[in-house]
Amino acid sequence: MKKVSVIVPCYNAAEYLDRCMEHLLKQTIGTENMEIILIDDASTDDGATLGLLTAYEEKYPDTILVIALEENMRQGGARNIGISYAGGEYLVFCDADDWLAYRALEILYRTAVQYDADVVEYRYKVVSDDTETGEEIEQGNGSYLKELWDEETKRKTLMASTDEFSLGCMRKFYKASLIKDNQIRFAQRLICEEPSFTLPVRLYEKVHVFVDAKLYFYLQTHNSTVHRNWDAHKWDNARVWLLLIEDLKERGLFERCRAELECMFYDWGFGLSISMLIQKGYTLTAEEMSFLKDMLLHLFPDILQNKYVMEKEEEFDRILKTILKVELTPGNVWGLNQALKKCPL
């Protein structure tokens, strides 16, 4: 069994892939201790991405596995396919236009084994070019270990800041058995899919280690998912959270942390859906605002009595609570849109 499986979704990634692969193939943990699973997510670049992936597989057959999908599954679906093929003790995700520090997997594997960790979380650095080589690692002094055996501690982690426990999947190193034994998967064909995976992980994990080191380099480009036109995906975040709550209920996990998960849905399913649209320049119609309001109140009709929601007094939350309390007409929705656009989000 290899020590680490690295899962890399690739969609029209030929322009960036060589840098990502160079940093993976030079990992100090050694290629003999890792497998790299490259998923071509039905790229549309006339075979450029798939051809490059195949060339890497032919050159490193003992380390690299290429999977070509016939239909685009988006990153969540591609990662799910990668998980199904992963055979390592631990697994980690890397996007094709990003890269890992050369010692990243060695540091993460050693830490995970030392503490028998279910998840090792680490920092990332946002870059706009490829000048960061990955040779130097920026380290802080905020590393910690958190044990999550009891329900009270688990509930507190749900309400922790995203700096302490992020909802993103990219800067985490996972024990593969935790993922496979509990059949944890991403929402497919949707953007904003990461909480559908990371929140179940948080509810199942028992030992979480945070390494205060920037081991991952995130390249911001104008072609990334977060910068594309959202017309076809403007409701994806809300859909992800609806699927997530349904999944947690089926797993029997929802009632254990009901108040916390209700508040998270209010923040991330309802509030984030609105704030992302406002930040993208949309003006919500009365029908659209009512859709999000009805979605929340259908699931949680008493959300305004939730103890955590009641404590929220920021300007943005005051607007969200107004949306939930008033009848939404074209007139007051116009005013709410204006207030949202002036509000710090």
Side-chain angles (χ1 to χ4, degrees), residues 76 118-119 121 146-169 172 174-175 178-179 181-188 190 192-208 210 235-276 289-314 316-326 328:
D118 293 308
V119 178
E121 189 165 356
K146 186 175 286 292
E147 295 185 316
L148 307 169
W149 295 94
D150 63 275
E151 294 296 332
E152 181 60 28
T153 302
K154 190 80 72 176
R155 285 191 289 269
K156 288 180 179 178
T157 66
L158 292 177
M159 304 311 296
S161 72
T162 53
D163 286 337
E164 185 176 356
F165 278 83
S166 78
L167 288 174
C169 73
K172 297 186 176 75
Y174 306 89
K175 183 181 288 186
L178 178 80
I179 307 305
D181 292 350
N182 293 294
Q183 299 182 324
I184 303 172
R185 296 294 184 269
F186 291 89
Q188 301 186 154
L190 300 170
C192 306
E193 77 290 341
E194 295 183 38
S196 65
F197 180 86
T198 56
L199 196 49
V201 167
R202 193 186 303 187
L203 290 169
Y204 280 117
E205 67 173 313
K206 303 299 183 185
V207 179
H208 187 105
F210 179 76
W235 305 120
D236 279 11
N237 182 70
R239 293 189 181 106
V240 166
W241 278 87
L242 287 170
L243 291 169
L244 173 56
I245 293 299
E246 180 181 351
D247 179 48
L248 295 178
K249 287 180 176 180
E250 290 177 357
R251 292 174 182 275
L253 297 173
F254 179 77
E255 291 299 334
R256 299 181 188 179
C257 305
R258 183 184 182 94
E260 292 76 17
L261 292 169
E262 283 183 353
C263 181
M264 293 188 78
F265 190 95
Y266 165 88
D267 282 335
W268 299 98
F270 174 62
L272 182 61
S273 294
I274 290 175
S275 68
M276 285 193 302
M289 202 171 281
S290 294
F291 163 73
L292 291 171
K293 171 182 177 177
D294 293 344
M295 174 193 72
L296 174 60
L297 294 179
H298 175 74
L299 280 176
F300 311 122
D302 298 322
I303 189 64
L304 290 173
Q305 282 70 56
N306 179 284
K307 62 181 181 179
Y308 300 106
V309 174
M310 291 175 68
E311 294 173 355
K312 295 179 177 292
E313 297 180 350
E314 298 293 330
F316 180 60
D317 288 291
R318 289 198 294 270
I319 299 172
L320 293 184
K321 290 177 183 181
T322 299
I323 293 171
L324 295 174
K325 291 176 181 177
V326 304
L328 297 174

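Note that this is a predicted model, so its numbers are computed, not measured. Heavy atoms only: backbone and side chains are in, while hydrogens, waters and symmetry mates are out.
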Would you indicate whether the side-chain heavy atoms of [Y] and [X] approach each other to under 4.5 Å?
X	Y	value
Leu199	Asp247	no
Val240	Glu194	no
Trp241	Met295	no
Ser196	Leu243	no
Trp268	Asn237	no
Glu151	Cys257	yes
Tyr204	Leu253	yes

I need the [X] [atom1] to [Y] [atom2] distance, nearest 0.5 Å.
X	Y	atom1	atom2	value
Leu203	Lys154	CG	NZ	6.5 Å
Met276	Trp235	CE	CH2	10.0 Å
Met264	Leu248	CE	CG	9.5 Å
Asp294	Met289	CG	CE	12.5 Å
Lys156	Phe165	NZ	CZ	12.5 Å
Glu262	Leu299	CD	CG	9.0 Å

Heavy-atom pair with the smallest gap, counting every atom of [X] and [Y]:
X	Y	result
Met310	Leu304	CG-O, 3.1 Å
Ser273	Ala238	OG-N, 3.5 Å
Cys263	Met159	SG-CE, 3.6 Å

Heavy-atom donor-acceptor pair, [X] side chain to [Y] backbone, under 3.5 Å:
X	Y	result
Glu121	His208	no
Asp236	Leu190	no
Asn182	Ile184	no
Thr198	Leu167	yes
Arg239	Ala187	no
Lys206	Asp118	no

Parallel, tilted or perpendicular, judged at 30° and 60°: which one describes the rings of Phe197 and Tyr174?
perpendicular
Any carboxylate oxygen within less than 4.0 angstrom of a Lys/Arg side-chain nitrogen, looking at Arg258 and Glu255?
yes
Do the charged groups of Lys249 and Glu246 touch, with an N to O distance under 4.0 Å?
no
Single hit among Phe270, Phe300, Phe254 for ring-ring contact (aromatic ring centres under 6.0 Å, His included) with Phe265
Phe300
Can you list, pair by pair, the side-chain donor-acceptor contacts under 3.5 Å of residues 317-325, counting residues two or more places apart and other chains?
from, atom 1, to, atom 2, distance (Å)
Asp317, OD1, Tyr266, OH, 3.0
Arg318, NH1, Glu313, O, 2.6
Lys321, NZ, Val309, O, 2.8
Lys321, NZ, Lys312, O, 2.7
Thr322, OG1, Arg318, O, 2.9

May I ask you to check whether Lys146 and Thr153 show a side-chain donor-acceptor distance below 3.5 Å?
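Lys146 vs Thr153: no donor-acceptor pair found between side chains.
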